[in-house]
Amino acid sequence: MRRDVFQAIADPTRREIINLIAYQPLTLNTIAENFKISRPAISQQIKILMECGLIEINQRGRERYCEAKLNELRDVADWVEQYRKHWAARFDLMDDLLEELKTDDKKQDKKKKHNKKKKHKK
């Protein structure tokens, strides 16, 4: 069964496994040592990551190494990017509004000061 990358990153244990092997391949045992769950549970998480195309297991002698294949995360990055653009535009509008409000406040402050000076002169 082929799963998608969003399923892979939905689980915190799988995300941590990805973090562990992002920069260097690690053996299954080395990965398992980093968690307080059983070795079979880690194997299940690794199986899901493999089905999502995020890791590959390579046999080196007696050891099996997990290596990250993070190109599949582009789907996530592309999906997130559309929302980042949306929110960036919204924040830009809010920045403009805040600047406008600041300008209005400064104008009102100047007007108040000017009116106070007029009152004191009388």
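No hydrogens, no waters, no symmetry mates; every other heavy atom, side chains included, goes into these values. Position 1 is the first residue of the sequence, and the numbers go up from there.
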Enumerate donor-acceptor pairs with a distance under 3.5 Å from any side-chain N or O in residues 39-48 to protein atoms, sequence neighbours excluded.
{"unit_1": "R39", "atom_1": "NE", "unit_2": "N29", "atom_2": "OD1", "d": "3.0"}
{"unit_1": "R39", "atom_1": "NH1", "unit_2": "S43", "atom_2": "OG", "d": "2.9"}
{"unit_1": "R39", "atom_1": "NH2", "unit_2": "N29", "atom_2": "OD1", "d": "3.4"}
{"unit_1": "S43", "atom_1": "OG", "unit_2": "R39", "atom_2": "O", "d": "3.2"}
{"unit_1": "Q45", "atom_1": "OE1", "unit_2": "R14", "atom_2": "NH1", "d": "2.7"}

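Take D75 and apply the side chain to side chain donor-acceptor pair (under 3.5 Å) test, not counting sequence neighbours, and it matches no residue. Checked against salt bridge (Lys or Arg N to Asp or Glu O under 4.0 Å), E16 has no partners two or more places apart in sequence or in another chain. Residues satisfying the side chain to side chain donor-acceptor pair (under 3.5 Å) test with R64, not counting sequence neighbours, are none. In terms of the side chain to side chain donor-acceptor pair (under 3.5 Å) criterion, residue partners of K69 (sequence neighbours excluded) are, by chain and number, E67.
Residues R60 and P25 form a side-chain contact, since some pair of their non-hydrogen atoms from C-beta on lies under 4.5 Å apart. Side-chain contact between L97 and L101 is present, with heavy atoms from C-beta onward closer than 4.5 Å. Y65 places none of its side-chain heavy atoms less than 4.5 Å from the side chain of L28. Between L98 and M94 the shortest side-chain heavy-atom distance falls below 4.5 Å. With a 4.5 Å cut-off on side-chain heavy atoms, D96 and F91 do not count as touching. Between D4 and Q7, the closest side-chain pair of non-hydrogen atoms falls below 4.5 Å. Residues C66 and I57 are in side-chain contact: their nearest non-hydrogen atoms beyond the backbone lie under 4.5 Å apart. Between L73 and I9 there is a side-chain heavy-atom pair separated by less than 4.5 Å.
Remark: I55 CD1 to L49 CG distance equals 5.0 Å, nearest 0.5 Å. The CD1 atom of I18 lies 9.5 Å from the CG atom of D11; values are rounded to the nearest 0.5 Å.
Sorted by first and then second residue, the side chain to side chain donor-acceptor pair (under 3.5 Å) pairs with a member in residues 18-28 read T27-T30; sequence neighbours excluded.
Remark: R15 CZ is packed, more than 12 non-hydrogen atoms of other residues, nucleotides or ligands lying under 6.0 Å away.
For the residue pair A22 and A68, the shortest heavy atom distance occurs at CA-CB, 4.0 Å.
A single hydrophobic cluster is seen to contain both L54 and V80, as judged by linkage of ILVMFWY side chains at heavy-atom distances under 4.5 Å, directly or through other members.
Ion pairing of E81 with R84 is present here, as a side-chain N (NZ or NE/NH1/NH2) and a carboxylate O approach within less than 4.0 Å.
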